[in-house]
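First up is the structure itself, then whatever we jot down about it.
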Amino acid sequence: MSGIFDGMAGVLNDVFGAPVMHTPAATGLPVEVQGIFRRDPITVADEDGREFLVTSPSLRVERPDAAGIVVGDVIEVSGGDRFTVLNAQRATPSPASDALVVFELEAIEA
């Protein structure tokens with residue numbers, strides 16, 4: 001069933017994404033991941049397809065890369081801006097193994 005959708009998130013991530021640094025709170029060792037960062041509000045669908053608005057900065061990452069990102073981790077985007085992970089919207093209506101997971105972020109003031 002998911003075969004038709006597999007790979008589409010990767011294409012979107014390649015086109016609209018950019019490398020970001022993910023620093024797990026547990027280890028403090030930064031890892032580069034590809035993600036789609038947005039400061040503007042975005043609409044996200046839950047596992048039942050209902051849409052809701054995310055007004056905080058957000059990062060979309062492919063499910064395999066998202067597995068290691070948890071609340072409290074730090075994300076650094078291009079330009080050096082840093083954010084704390086507030087939560088993850090891991091439930092998605094997409095059955096694809098590489099579906100995008102949305103993380104809500106909060107700016108870390110310098």
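Numbering starts at 1 and runs along the sequence shown. Predicted model only: the values in this text are computed from it and were never measured.
S58 and E104 share no donor-acceptor pair across their side chains, judged by distance under 3.5 Å alone.
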Using the side-chain contact (heavy atoms from CB on, under 4.5 Å) rule, take Q89 and N87 through it: C-alpha gap first, then chi angles, then the decisive distance, then the call.
-> CA-CA 7 Å; Q89 306 297 329; N87 66 50; 3.3 Å; yes
Could you check R38 against L59 for side-chain contact (heavy atoms from CB on, under 4.5 Å), going step by step and ending with a plain yes or no?
-> CA-CA 6 Å; R38 296 288 180 261; L59 179 69; over 6 Å; no
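Side-chain atoms of L105 and V85, non-hydrogen and from C-beta on, do get closer than 4.5 Å to each other.
Within the structure, salt bridge (charged side-chain N to carboxylate O under 4.0 Å, His left out) contacts touching residues 69-84 (residues at least two apart or in different chains) are R39-D81.
Shortest non-hydrogen contact noted between A25 and G72 is CB-O, 3.8 Å. Pairing each heavy atom of G28 with each of P30, the nearest pair is O-CD, 3.4 Å.
Grouping the Ile, Leu, Val, Met, Phe, Trp and Tyr side chains by contacts below 4.5 angstrom, directly or via other members, places V101 with V77. At a threshold of 4.5 Å between side-chain heavy atoms, the hydrophobic network of Ile, Leu, Val, Met, Phe, Trp and Tyr places M21 and F37 in two separate groups.
Of the residues listed (V20, I75, V102, I69), the one engaging V61 in a side chain to side chain contact (heavy atoms under 4.5 Å, CB included) is I69, and it is the only one.
Note: L29 CG to T23 OG1 = 8.5 Å, rounded to the nearest 0.5 Å. Rounding to the nearest 0.5 angstrom, the gap separating the CD1 atom in I42 from the OG atom in S56 is 8.5 Å. Annotation: the span from Q34 atom CD to R60 atom CZ amounts to 14.5 Å, rounded to 0.5 Å.
Taking the six-membered ring for Trp, F83 and F103 have ring centres at least 6.0 Å apart.
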